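Notes to accompany the following structure.
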Amino acid sequence: MTKTLPQILQAGVQRALTELYGVDGSSEEITLQTTRREFAGEYTVVTFPLTRLARKKPDEIAEDLGQYLKANLAEVADFNVIKGFLNLVISDAYWSDFLLTAAIQEDYGQSPARDETVVVEFSSPNTNKPLHLGHVRNILLGWSASQLLAKAGYNVKRVQIINDRGIAICKSMLAWQRYSDGATPESTGQKPDHFVGDYYVLFEQKFQEEYQQWQATEVAQQVLAQHAKAEQTPAEFFKGFSKKYFNDYSELGQAAKQMLLDWEAGETETVALWRKMNAWVYAGFEETYARLGVTFDKLYYESETYVLGKDMVELGLEKGAFLAREDGSIYADLTDAKLSEKTLMRADGTSIYITQDLGTARLRYDDFGAKRMIYVVADEQNHHFATLFELLKRLEEPYAAGLFHLSYGMVDLPTGRMKSREGTVVDADDLMNEVIHEATIASQERDATSELSTEEQKAIIRQIGMAALKFHIIKVGPQKRMTFDPKESVDMQGQTGPYVQNAYVRTRAVWRKAGELDLSAAADYRDLAPAERELINQLYAFPALVRDAAEALDPSVVAMYCYELAKSLHKFWHDHSILSAESPAAVAFRLQLCKAVGNTLSAGMNLLGIEVPERM
RNA sequence: GGCUGUGUAGCUCAACUGGAUAGAGCAUUUGACUACGAAUCAAAAGGUUUCAGGUUCGAAUCCUGACACGGUCACCA
């Protein structure tokens, strides 16, 4: 392994401190950062922290260090001092050599494989309705995170747990049973997950109707009189009462709950219906996943995992990690970990939601031997995962230290929060159709691919539309709650996916035009232009950036990087000729530069799950 | 109320984890296609980083306290 520039410079400064001032500079006191764009140079030493050691003024230290580094390090060609900041200019020879030997490699940025498996769980939908915008953010994050980890050398397993049982799917089932008249996705021509989702919506409608009628009854008025607070209007009260109504009064609620019981009892007809409707949903999901370009290594089904975990609770009890109450229920006291008491098993021996998560974690460890597992789940479940991880830690599970909740903010619309009950949910399929539609219009205006077949054109347009959508979502840091404006998501100019794609397309176009050329002269090229230095410098940052992003599980930094690199390419393109450059050396060098930039843009976008077309 | 996240240009987001004059895009105004692709480039304008203290050479970033908006605090999933 050759040393990186920061390592070389750091060591150089350390030696300089010893030789010039006779002091030992520890690496913490040497702050090295990349130089801001408005100054000459690529790396900057901040000398303020060194004043105590050297007992000199910051700018004098900077001057001393600059002289020393320029004289003693081949990599440092020049320097300038502004206040206490020492800006170092790296030599053209170093950059040129780096570009032609390292950055040009096909797999540039790929870390060597390590013998460590990471499981990434994402998407994990319910099966009662189709995927929506919230899932899209989840899926993009999960996919990118897994790509990043793979690029960083990990062996990655992508999984999801499909929430295929429970009251929600029973609602869809019941509504279908009562109101469908035997309709199927085939008979109506609908996408099958949408078909099922429509019955879920229908159930809610029918339930609301029933609820409305009930509110006029005497029973309802009695309930109102007894339970409503002083300042509540009847409408307000009934709004909050709907869950209780569902459980205690509703005929539809009773029927749905009965269906759940039948399912748990393995009643044949119910199970058959459940199978049929879930099969429809899976067919629909598969299509959506395919359009999004994601795949999974293993699917877990809640219907199979929901019974797991009980043995672990028992084990925890034996170990003394968990406690039993007088009624026989089992709980964990997590108050010393700033969490609350958490019940893990009811007195009747039935389990709680979190119990199955214990079991599923163990199941995955057994399946993959992974000591790191990442759960991509929205931040509304922060507390749940904090609890889950604490429990696994107390059970002394071997993978407990490697658990991570990749928590992300939920997606709002400009009009506010998405609410399925109010019908404001943005459907994933509709969204994709919309961006592809916009890409079609934009493409027609430009007419740059008309010599290609219709098939090829459609494929490119799909890639452009999906790039716009994905980039728009993934560029926002995960932790941040984001506002999704559909109008902005179809933008194709400025800080967007298509902008990056366009930069890539340019690097390909110039190579197509170049044909067969002798590129050996590239190494003779001297006097790099600022735009060239900028590009190479950015390329240089890529591997470390990928490693950092993988460690932080933050794809948004990769998105910003791709944008910045594309921007530099566009500027370079505008300022310099490539094929008619001033010398054969310049032509060759710039072509190689284009190749390296193109490769890196492609690799970066691939990390985000975004394809780059050859033309657009 | 406890815990937790967020608050930066009109809008959507950055800021290398304490460094230089807080940066991009969109929108607005203006300029550049007879060039290897204008889905591009260049320029203007836009800020008391929610507020008040503190820590130090230096704060959007760290600490304290407010304020605003989310989330969460089940023997629900």
Side-chain angles (χ1 to χ4, degrees), chain A residues 31 33-39 44 46 48-49 51-52 58 82-85 87 126 163 165-168 243 247 302 306 325 327 329-331 338-340 342-348 350-354 356 378-384 386-387 407 409-410 412 414 417 439 442-443 445-446 448 464 468 472 475-477 479-485 487-489 491-503 505-514 541 544-545 548 552 556-557 560 563-564 566-567 569-571 573-581 590-591 594 615-616:
Chain A
T31 40
Q33 57 189 257
T34 51
T35 305
R36 294 178 61 124
R37 201 158 275 160
E38 61 260 41
F39 304 107
T44 296
V46 185
F48 295 101
T51 48
R52 221 172 301 134
I82 296 165
K83 295 199 238 170
F85 297 91
N87 301 320
N126 292 320
N163 299 298
R165 54 152 242 127
I167 195 71
K243 206 169 215 172
N247 284 321
E302 198 197 358
Y306 83 108
R325 294 198 186 88
D327 65 2
S329 62
I330 301 172
Y331 73 104
K338 289 174 86 171
L339 296 161
S340 44
K342 182 71 191 172
T343 300
L344 303 169
M345 202 176 293
R346 299 188 185 92
D348 61 6
T350 55
S351 58
I352 315 293
Y353 177 72
I354 201 163
Q356 64 176 291
D379 61 8
E380 60 182 350
Q381 294 203 45
N382 283 353
H383 188 259
H384 171 76
T387 304
S407 168
M410 303 221 270
D412 286 323
R417 193 171 171 172
S443 173
E445 282 170 6
R446 282 165 242 271
I464 296 170
H472 186 252
K475 74 177 182 187
V476 180
Q479 200 176 36
K480 200 158 202 148
R481 196 177 177 97
M482 68 175 288
T483 307
F484 182 91
D485 187 338
K487 283 203 296 290
E488 287 176 8
S489 74
D491 274 350
M492 316 234 164
Q493 283 161 24
Q495 203 176 72
T496 67
Y499 175 96
V500 180
Q501 288 178 320
N502 185 230
V505 164
R506 285 179 147 179
T507 67
R508 302 303 296 156
V510 72
W511 270 84
R512 270 198 305 276
K513 191 99 175 181
L545 180 120
D548 290 349
S556 71
V557 303
M560 293 315 294
Y563 168 71
E564 296 290 345
K567 187 173 167 167
L569 187 280
H570 282 309
K571 181 167 175 54
W573 187 276
H574 181 266
D575 291 352
H576 300 280
S577 282
I578 297 169
L579 295 178
S580 47
R590 287 176 184 165
L591 273 171
C594 279
R615 303 159 187 261
M616 66 190 283

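The structure presented is a predicted model; accordingly, all values stated were derived computationally and were not measured. Numbers restart at 1 for each chain; the letters A, B, ... are given by sequence-line order, proteins then strands.
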> The side chain of A/K571 lies closest to which of these nucleotides: B/rA20, B/rU40, B/rC41?
Replying inline: B/rC41
>> Considering every strand and a 4.0 Å limit on heavy-atom distances, what is the contact class for A/Q479: base, sugar-phosphate, or nothing?
In response: sugar-phosphate
> Say you pick atom C1' in B/rA22 and the same atom in B/rC16; how far apart are they, in whole Å?
Replying inline: 14 Å
>> If you assign each of A/F39 and A/H383 to its closest nucleotide in RNA chain B, which residue comes earlier from the 5' end?
In response: A/F39
> How would you label the contact of A/W511 with the nucleic acid (heavy atoms, under 4.0 Å): base, sugar-phosphate, or nothing?
Replying inline: nothing
> If you look at every strand shown and take non-hydrogen atoms under 4.0 Å, does A/G477 touch a base, only sugar-phosphate, or nothing?
Replying inline: sugar-phosphate
> With no hydrogens and no angle check, is any side-chain donor or acceptor of A/R590 less than 3.5 Å from a backbone partner on A/S577?
Replying inline: yes
> Taking A/R506 for the side chain and A/N502 for the main chain, is one N or O donor matched with an acceptor at less than 3.5 Å?
Replying inline: no
> If the P atom of B/rA45 is compared with that of B/rG25, how far apart are they to the nearest Å?
Replying inline: 15 Å
> How is A/V505 classified with respect to the nucleic acid when contacts are heavy atoms under 4.0 Å: base, sugar-phosphate, or nothing?
Replying inline: base
>> By nearest atom, which of the nucleotides B/rA39, B/rC16, B/rC75 is closest to the A/T34 side chain?
In response: B/rC16
>> Is A/K475 close enough to B/rA24 that one of its side-chain N or O atoms is under 4.0 Å from OP1 or OP2 there?
In response: no
>> Tell me the interatomic distance from A/D491, atom CG, to B/rU12, atom C1', rounded to whole angstroms.
In response: 10 Å
> How long is the line joining NZ of A/K480 and C1' of B/rC69, in whole Å?
Replying inline: 13 Å
> How is A/I464 classified with respect to the nucleic acid when contacts are heavy atoms under 4.0 Å: base, sugar-phosphate, or nothing?
Replying inline: base
>> Using the P atom as the point on both nucleotides, what is the distance between B/rA15 and B/rG23, in whole Å?
In response: 14 Å
> How far apart are the closest heavy atoms of A/I352 and A/T343, and which atoms are they?
Replying inline: CG1-O, 3.7 Å
> Which nucleotide sits closest to the side chain of A/Y563: B/rG19, B/rG25, B/rC41?
Replying inline: B/rG25
>> Between B/rA14 and B/rA32, how far apart are the two C1' atoms, rounded to whole Å?
In response: 28 Å
> Mind checking the C1' distance from B/rG5 to B/rA9? Whole angstroms is fine.
Replying inline: 24 Å
>> Closest-nucleotide mapping onto RNA chain B: is A/R52 or A/T343 further toward the 5' terminus? I mean the 5' end.
In response: A/R52
> Can you check the A/N247 CG to B/rA77 P distance for me, whole Å?
Replying inline: 12 Å
> Looking across every strand, which nucleic acid part, if any, lies under 4.0 Å from A/Q501 by heavy atom: base, sugar-phosphate, or nothing?
Replying inline: nothing
>> Considering every strand and a 4.0 Å limit on heavy-atom distances, what is the contact class for A/T44: base, sugar-phosphate, or nothing?
In response: base
>> Distance check, P atoms only: B/rA27 and B/rU40, in whole angstrom units.
In response: 11 Å
> Among the nucleotides B/rC36, B/rC13, B/rA24, which one has an atom lying closest to any side-chain atom of A/W573?
Replying inline: B/rC36
> Taking it one step at a time, do A/Y353 and A/Y306 satisfy ring pair (Phe, Tyr, Trp, His ring centres under 6.0 Å)?
Replying inline: CA-CA 8 Å; A/Y353 177 72; A/Y306 83 108; over 10 Å; no
>> Rounding to an integer number of Å, can you tell me how far A/E488 CD sits from B/rC26 C1'?
In response: 6 Å
> For atom P, what is the distance between B/rU48 and B/rA43, given to the nearest Å?
Replying inline: 24 Å
>> When both hydrogen-bonding distances must be under 3.5 Å and the geometry is Watson-Crick or G-U wobble, what is B/rA42 paired with, if anything?
In response: B/rU30
> Quantified in whole Å, what is the C1' atom distance between nucleotide B/rA68 and nucleotide B/rA77?
Replying inline: 32 Å
> Hey, does the side chain of A/K487 come within less than 4.0 Å of B/rC26's phosphate (OP1/OP2), counting only N and O?
Replying inline: no
> Which part of the nucleic acid, if any, lies within reach of A/R37 when heavy atoms closer than 4.0 Å are counted: base, sugar-phosphate only, or nothing?
Replying inline: nothing
> Separation of A/H570 atom NE2 from B/rA24 atom P, in whole Å?
Replying inline: 16 Å
>> Expressed as a whole number of angstroms, how long is the span from A/D548:CG to B/rC16:P?
In response: 12 Å
> What's the closest nucleotide to the A/V510 side chain, out of B/rU21, B/rC36, B/rG70?
Replying inline: B/rC36
> What is the distance, rounded to the nearest whole Å, between atom CE of A/M616 and atom C1' of B/rA38?
Replying inline: 12 Å
> Which heavy atom in A/Q33 sits nearest to a heavy atom in A/V46, and how many Å separate them?
Replying inline: NE2-CG2, 3.2 Å
> Rounded to the Å, how far apart are A/D485 CG and B/rG25 P?
Replying inline: 19 Å
